[in-house]
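Before any comments, here is the structure.
All chains are named by letter (A, B, ...) in the order of the sequence lines, taking the proteins before the strands, and each is independently numbered beginning at 1.
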Amino acid sequence: MRICVVAGPGPGSARLAPVDDAGAPAGPRRDVPGPDAIAAAVREAPPDVRWVWADATQTYPAVLAAGARVERCHDVAHTEAQLLGAVGRWGEPRSLAAAWARLTGGPVPPDPEPLPAALGPGGDADGGVQDALFDAVDVPSAPAALPPGTDPLDVLVAVHADQQRRVAAARAVSPGFTLLVAAESASALAAVEMSAAGLPWRADLHDAVLVEALGPRAPHGGRPPRLQALAEEVARLLGDPRLNPDSPPDVLRALRRAGVLVSSTRRHELRGVDHPAVGPLLQYKELSRLHTANGWAWREQWVRDGRFRPEYVPGGVVSGRWASRGGGALQIPKAVRGAVVADPGRVLVVADAGQLEPRVLAALSADPGMVAATQAGDLYAEIATRALGRTDARAEAKIALLSAMYGGGAGSAAPALAALRRRFPAALELLEEAARTGEDGGSVRSVLGRTSPVAAPGWLDGLGPEAAGGRARARGRFTRNFVVQASAADWAGVLVAGLRTRLAALGDRPDDARLVFFQHDEVVLEVREALAAAAVGAVTDAGSEATRLVLPGTGVRVPLEAAVVRSYAEKG
DNA sequence: GGCCATAGCGCG
DNA sequence: AAAGCGCGCTATGGCC
């Protein structure tokens, strides 16, 4: 049973239209008065209803805030994005209004620009003129408007039915497409729930890390003592008292004057340079990074009431990975993960799928040797043994395999790469075929049917042979990586979908066991202590299910091991 | 004052 | 000229 839902005329009211799986009307429409009409409707409906709405990001936060959890939805916007990609129209507007316009031949409205995330919780980071009214809560930008005179519920019912037809058509090309769109919709729910839950963040422990590394906080956001001392030391050792170590051109000039001939100030290049200033400079850069990216100012902007609440954007990356807005949620450095500690009476369950991408490659290519190698817990070590004949060549094998998936390997990785090609020909051929497709401007698909963008028309026009070749090879590296990264994202999306369902069944209250963080191939749950073992079981089961559904019949193993910890730093 | 590109580095 | 994939974010510096 599916129910299409749109906002009603009164504040917080809603209009509902039951439909069947094909999208045909399946009962009388109903108006529900506000406030919180959708939450009320969700509570009284059977739990297996799939709620059909324009965009979970717009609608679900208020439903959740009103205390109702949606088990399943059909998110028109996320579904539309996948459907457009499947027919080579990647990146066209995905809103309900845009889908309706395409269906009826009207002008297609552009998707609204997402609001800048700079306005943190409590907002007004730069003392700007934003009205306090807008500071209190996340304000999703308004959805694209429907043409005047159209009934939103009619539009939703029609677009949903059309999407179901198009999903069926896409399934003929990619049998996994139904699973893909279901997982995308579930991810949209999970993202809203995770933003609402937030990641527990202990200010006192964060402070301890910062003070230990930087010294006490300086007033007015200036350099803390240790950072200032390092800056002065670098300036002295490079003989330029006015040197700004935050300015790469400045530092590069000073280094050259000191006889250090480097082409950049990147850590990688500076490491191994023999000059007394280099050590302090690298130390300065590391600490400065901590200070600017995840220091006190970051915490004041992004952590409220002991929780870090970023905004997640499922499918925000071309490959289908999640992106995030605000606070750099997917780049929390290991150095500060000790601040992530479960609330009293609760524990964290941290689980990551080790070496996910090469395992996915094994499944995609059905390369017998590589599939067999996935039985090992440490895939890279196993590959080293099988392809290079040496157990001590793990690091070499890892670099070679990553090079194969990223498109590198021209340099020192070349011999090991050749060995991989001999030993795992099908796996390497799959990657090279994807690269050729990309170099020719074509698109490739993930295992469930997520499609990469095609090249823009005339993408090589006006370029000389050198530049055109370079552009084509860059595109080949993108598609080469896409097949693996996007299929891994498929797996992870199905993991999240299965996991949130299982977690909901564990406790009596929504916060008994919940997802609080997700990062490509890793999840963090926060659960009541008594539910720790059950939560470990849930995540393990969800991982097995993801492998069974996304990589069926391949025999590939994807270990997903969960640790019960107090602090994220204990395993990460 | 704002806008934009670049360099650099954190994460996977 | 050479280039291993995908991101978000900060500070700098050139520009209007």
Side-chain angles (χ1 to χ4, degrees), chain A residues 114 116-118 120 125-126 128-129 221 223 244-252 262-271 281-282 284-295 297-298 301-302 310-313 315-337 352-358 361 398-414 417 431 434-435 438 444 452 464 466-467 469-486 488-489 492 517-523 568 572:
Chain A
D126 55 1
V129 293
R223 286 196 188 113
N244 176 7
D246 292 322
S247 165
D250 229 24
V251 172
L252 201 55
V262 285
S263 62
S264 76
T265 67
R266 278 192 219 105
R267 195 182 56 187
H268 217 77
E269 194 175 354
L270 287 179
R271 211 162 32 200
L281 176 58
L282 291 176
Y284 175 87
K285 284 157 79 81
E286 183 182 339
L287 295 182
S288 171
R289 167 81 192 187
L290 174 65
H291 181 235
T292 55
N294 295 97
W298 173 88
Q301 188 174 3
W302 294 110
E311 181 184 352
Y312 296 94
V313 188
V317 177
V318 246
S319 64
R321 278 182 170 186
W322 291 25
S324 71
R325 268 205 305 268
L330 304 185
Q331 307 137 252
I332 299 171
K334 296 201 163 131
V336 300
R337 290 186 183 182
D352 71 314
Q355 306 157 341
L356 177 58
E357 290 189 356
L361 171 62
K398 177 178 176 178
I399 288 172
L401 194 47
L402 292 175
S403 296
M405 293 189 297
Y406 290 164
S412 60
L417 199 49
L431 295 169
V444 293
S452 76
E466 288 289 322
R471 183 84 70 88
R473 282 191 297 277
R475 201 163 183 288
R477 288 194 299 276
F478 165 64
T479 48
R480 168 195 291 267
N481 184 252
F482 182 96
V483 290
V484 178
Q485 188 181 117
F517 193 59
F518 168 58
Q519 183 173 225
H520 312 314
D521 62 356
E522 175 181 17
V523 291
Y568 191 17

* To do: Provide, to the nearest angstrom, the distance between the CD atom belonging to A:E311 and the C1' atom belonging to C:dC9.
  => 15 Å

* Structure fact -> Rounded to the nearest 0.5 angstrom, the CE-CG distance for A:M405 and A:L401 is 4.5 Å

* Within the structure, does a side-chain N or O atom of A:R267 lie under 4.0 Å from either OP1 or OP2 of B:dG10? -> yes

* **hbond_proxy A:R289 side chain to B:dC9 base (donor-acceptor, 3.5 Å cutoff)** => yes

* Structure fact -> The nucleotide from B:dC9, C:dA11, C:dC5 with an atom nearest the side chain of A:D246 is C:dA11

* Under 4.0 angstrom between A:K334 side-chain N/O and B:dG10 OP1 or OP2 -> no

* **base_contact_polar (C:dG8 base, A:S324 side chain, donor-acceptor, <3.5 Å)** => no

* Might you confirm whether atom NZ of A:K398 has over 12 heavy atoms from other residues, nucleotides or ligands at distances under 6.0 Å? => no

* Less than 3.5 Å between a donor and an acceptor, one on the side chain of A:R321 and one on the base of B:dG12, is that the case here? -> yes

* To do: Please test A:R477 against A:R473 for side-chain contact (heavy atoms from CB on, under 4.5 Å), starting from the C-alpha separation and ending with a verdict.
  => CA-CA 6 Å; A:R477 288 194 299 276; A:R473 282 191 297 277; 4.2 Å; yes

* Using whole Å, report how far CG of A:D352 lies from C1' of B:dC11. => 13 Å

* State which of C:dG8, C:dG4, B:dC11 makes the closest approach to the side chain of A:A323. => C:dG8

* To do: Give the rounded distance in Å between these two atoms: CZ of A:R266 and P of B:dC9.
  => 8 Å

* To do: Scan A:G470 against the nucleic acid and name what it touches under 4.0 Å (heavy atoms): base, sugar-phosphate only, or nothing.
  => base

* Is there a donor on the side chain of A:Q331 or the base of C:dG8 sitting less than 3.5 Å from an acceptor on the other? -> yes

